[in-house]
Amino acid sequence: MANESETPNQANSLKGFSIGDPNCPYCHGLGFVGQDVPPGDPRFGKLEICVCRAKEVVNYQERTLYTASNLGDLKYLIFETFLPRGKVGLAAPLADSLEQAFNTASNFANSLKGWLLLTGHYGCGKTHLAAAIANHAVGANIPTQFLTAPDLLDWLRGSYSRETEGSFEERFNALRTVPLLVLDDFGTQNATPWAQEKLFQILNARYVNRLATVITSNWPISEFEGRIRSRLLDPEVVTHVDIQAPDYRNPVDDTGHHELSSLNLHSKQTFGTFSLRKDENLPAEDIQSLREAFETARAFAEKPEGWLVFMGPYGCGKTHLAAAIGNLQAAQGFPPLMVMVPDLLDHLRASFNPNSNISLDRRFEEVRTARLLILDDLGTQSATPWAREKIYQLFNYRYNAELPTVITTSSGPDDLDQRLLSRMSDTRLCQMVIMRAPSYTGGLRRKLKR
């Protein structure tokens with residue numbers, strides 16, 4: 001029999017539920033029961049949900065948590081629907097990278113200790129894993145907030161409107177104290193001073209209190225605001241996983257070639273098929289320059305570090321050696337992005353089309369952050385101010401980040417943008433290989449002479 005000493009808080013906690021089962025032998029349709037204990041017992045006078053309503057209460061709590069979590073349409077992104085090794089046929093190193101991220105995220109979801117930072121290119125699986133962690137937590141009745149960085153800032157700004165529920169302080173405090181915060185697409189937010197300060201205050205509070213936090217980003221840590229970067233580099237708190245897998249939604253093939261890459265068109269241009277042209281009666285210095293270029297390219301391909309620039313006339317073998325570097329890396333499971341500079345600019349311009357499914361910023365970000373970028377035929381592009389500026393921005397970013405880059409050009413030093421030349425001439429970072437041999441004809445000159 002139910003006690004009649006129900007408190008206002010207990011009554012409020014039952015609001016929104018239907019009454020119990022009229023045929024229930026325990027509550028007789030009331031929906032809650034009291035404990036048959038003597039006065040003085042801590043349970044005396046307290047109501048408990050009857051077993052006939054337990055499932056309804058659990059469902060209600062789950063709905064409430066899902067509403068508060070902001071997961072919405074992401075409920076289907078769970079660990080069970082994630083492919084730990086990606087699509088069938090994905091190159092082993094890329095699949096290994098994805099599997100490591102999956103295992104790390106699964107372990108984090110079970111412990112919810114510390115922070116987890118997931119980085120990688122668009123479509124590699126970061127958001128799926130982050131949402132899977134959030135769904136797992138909500139399923140365990142752990143209050144969770146899942147927000148993209150721009151949405152988080154919009155949600156805070158929205159509190160200034162009189163038509164919204166919750167004051168700014170209430171929303172701000174909720175983000176600082178929620179047991180699990182998942183911040184997706186970090187780095188895409190508008191970096192105003194106000195936005196930077198609010199993000200720092202939220203993350204700093206969570207860092208100090210060691211509250212479980214998941215962050216995903218397409219940007220390298222070096223691009224984050226300094227105070228946030230220093231916290232994300234703390235190995236005692238943050239576990240960082242960089243996913244190398246390609247875009248699941250739009251890869252060109254299962255070897256991981258980027259959709260912009262033309263490397264698959266150069267599949268036959270390997271170190272094994274490169275000719276040193278000893279049968280063409282070339283001057284000794286030309287053959288020596290070919291041999292030095294070959295050996296330099298081969299060494300770079302084994303361990304890509306810094307920049308490598310091939311400079312020489314059309315047809316001397318620059319593109320062949322650049323493609324050979326790319327093909328060797330691809331065979332090891334790390335396909336680079338190889339693209340002709342004029343084609344790259346065309347791809348960037350195409351993003352302005354209203355029907356394009358990718359923005360200029362996203363396309364440019366994919367190129368400038370590529371693990372290994374091969375830029376073929378620098379200097380043949382249209383020299384418009386916009387084109388020059390984009391190429392400079394690309395060079396400057398990769399130069400400062402010291403990202404491995406291979407460049408081929410037929411232009412002389414006087415014909416190149418001096419801003420680009422100054423970076424290509426930095427011997428600390430860059431090797432410049434001058435190829436003096438004339439255009440390769442496959443022995444045609446010798447045949448004609450005969």
Side-chain angles (χ1 to χ4, degrees), residues 262-263 265-332 334-342 372-381 395 398-399 402-418 420-450:
S262 60
L263 184 60
L265 302 177
H266 300 274
S267 60
K268 295 182 180 180
Q269 292 180 316
T270 66
F271 289 111
T273 61
F274 185 80
S275 173
L276 294 176
R277 303 167 64 180
K278 295 179 180 179
D279 59 346
E280 291 191 30
N281 296 321
L282 295 177
E285 59 269 24
D286 289 355
I287 294 178
Q288 180 62 22
S289 75
L290 285 174
R291 180 177 291 107
E292 291 177 356
F294 177 86
E295 292 173 353
T296 302
R298 184 63 190 247
F300 184 91
E302 293 291 346
K303 190 177 181 181
E305 291 181 349
W307 287 21
L308 181 59
V309 179
F310 294 106
M311 184 176 290
Y314 293 107
C316 69
K318 304 184 303 298
T319 297
H320 190 136
L321 289 177
I325 293 172
N327 284 317
L328 181 60
Q329 280 287 296
Q332 294 176 355
F334 300 104
L337 170 54
M338 179 174 182
V339 61
M340 288 182 61
V341 175
L372 171 59
L373 178 64
I374 301 175
L375 290 173
D376 195 24
D377 275 350
L378 175 69
T380 60
Q381 70 276 3
F395 268 60
R398 297 189 67 84
Y399 175 81
E402 298 188 359
L403 293 174
T405 307
V406 177
I407 302 165
T408 77
T409 181
S410 300
S411 300
D414 294 338
D415 300 321
L416 292 170
D417 185 323
Q418 295 304 297
L420 308 185
L421 183 62
S422 68
R423 285 153 179 78
M424 294 161 59
S425 302
D426 184 353
T427 56
R428 176 190 61 85
L429 177 69
C430 180
Q431 297 182 78
M432 187 173 291
V433 178
I434 308 299
M435 300 179 66
R436 307 181 186 280
S439 177
Y440 179 66
T441 60
L444 179 60
R445 288 191 183 90
R446 180 169 52 82
K447 292 176 183 178
L448 290 176
K449 186 178 291 186
R450 287 179 179 175

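Remark: Thr409 pairs with no residue by the side-chain hydrogen bond (donor to acceptor under 3.5 Å, both in side chains) rule, at least two apart or across chains. Residues forming a side-chain contact (heavy atoms from CB on, under 4.5 Å) with Ser422 (at least two apart in sequence, or on another chain): none. The ring pair (Phe, Tyr, Trp, His ring centres under 6.0 Å) test applied to Tyr399 returns no partner, not counting sequence neighbours. By the side-chain contact (heavy atoms from CB on, under 4.5 Å) test, Thr296 pairs with Leu308, Gln431, Val433, sequence neighbours left out. With sequence neighbours left out, Glu402 forms a side-chain hydrogen bond (donor to acceptor under 3.5 Å, both in side chains) with Arg428. For the side-chain contact (heavy atoms from CB on, under 4.5 Å) test, residues two or more places apart in sequence or in another chain that qualify with Ala301 are Phe271, Ile325, Leu328. Annotation: side-chain hydrogen bond (donor to acceptor under 3.5 Å, both in side chains) contacts of Glu305 (sequence neighbours excluded): none. Residues that satisfy the side-chain hydrogen bond (donor to acceptor under 3.5 Å, both in side chains) test with Gln329, not counting sequence neighbours, are Gln332, Arg371. Gln418 pairs by the side-chain contact (heavy atoms from CB on, under 4.5 Å) definition with Leu421, not counting sequence neighbours. Partners of Glu295 according to the salt bridge (charged side-chain N to carboxylate O under 4.0 Å, His left out) rule, which considers only residues two or more places apart in sequence or in another chain, do not exist here. Evaluation of the salt bridge (charged side-chain N to carboxylate O under 4.0 Å, His left out) rule for Lys268 yields no partner, not counting sequence neighbours.
Put simply, the residue from Ser262, Pro304, Pro336 that forms a side-chain contact (heavy atoms from CB on, under 4.5 Å) with Ile374 is Pro336.
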Check your understanding: side-chain contact (heavy atoms from CB on, under 4.5 Å) between Ile407 and Phe395: does it pass, once the steps are laid out?
Key -> CA-CA 10 Å; Ile407 302 165; Phe395 268 60; 3.6 Å; yes
Practice item. Any chance you could lay out the side-chain hydrogen bond (donor to acceptor under 3.5 Å, both in side chains) test for His320 and Thr270, step after step, and finish with the verdict? Key: CA-CA 7 Å; His320 190 136; Thr270 66; 5.4 Å; no
Exercise for review: Go through the steps for Val406 and Phe310 under the test side-chain contact (heavy atoms from CB on, under 4.5 Å), then give the verdict.
Suggested key: CA-CA 8 Å; Val406 177; Phe310 294 106; 4.0 Å; yes
Practice item. Decide yes or no on side-chain contact (heavy atoms from CB on, under 4.5 Å) for Ser410 and Tyr314, but give the supporting numbers first. Key: CA-CA 6 Å; Ser410 300; Tyr314 293 107; 3.4 Å; yes
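Phe300 has its ring centre no less than 6.0 Å from the ring centre of Trp307.
Between the Asp415 side chain and the Ser411 main chain, no donor and acceptor come within less than 3.5 Å of each other.
Atom CG of residue Asp376 and atom CE of residue Met340 lie 6.0 Å apart, to the nearest 0.5 angstrom. Going from atom NZ of Lys318 over to atom CG of Asp377 covers 6.5 Å, rounded to the nearest 0.5 Å. If you take SG on Cys316 and CG on Leu321, they are separated by 8.5 Å, rounding to the nearest 0.5 Å. Distance check, rounded to the nearest 0.5 Å: CG of Leu375 to CG of Leu373 gives 4.0 Å.
Phe334 has its side chain out of reach of Leu372: every pair of non-hydrogen atoms, C-beta onward, lies at least 4.5 Å apart. In this structure, Met311 and Leu416 have side chains that are in contact, with non-hydrogen atoms separated by less than 4.5 Å.
Looking at every heavy atom in both residues, Ala437 comes nearest to Pro313 through O-CG, 3.3 Å.
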List, one per line, each side-chain donor-acceptor pair under 3.5 Å for residues 283-292, sequence neighbours excluded.
residue : atom : partner : partner atom : Å
Gln288  : OE1  : Arg291  : NH1          : 3.4
Gln288  : NE2  : Glu292  : OE2          : 3.0
Ser289  : OG   : Asp286  : O            : 2.8
Ser289  : OG   : Arg436  : N            : 3.4

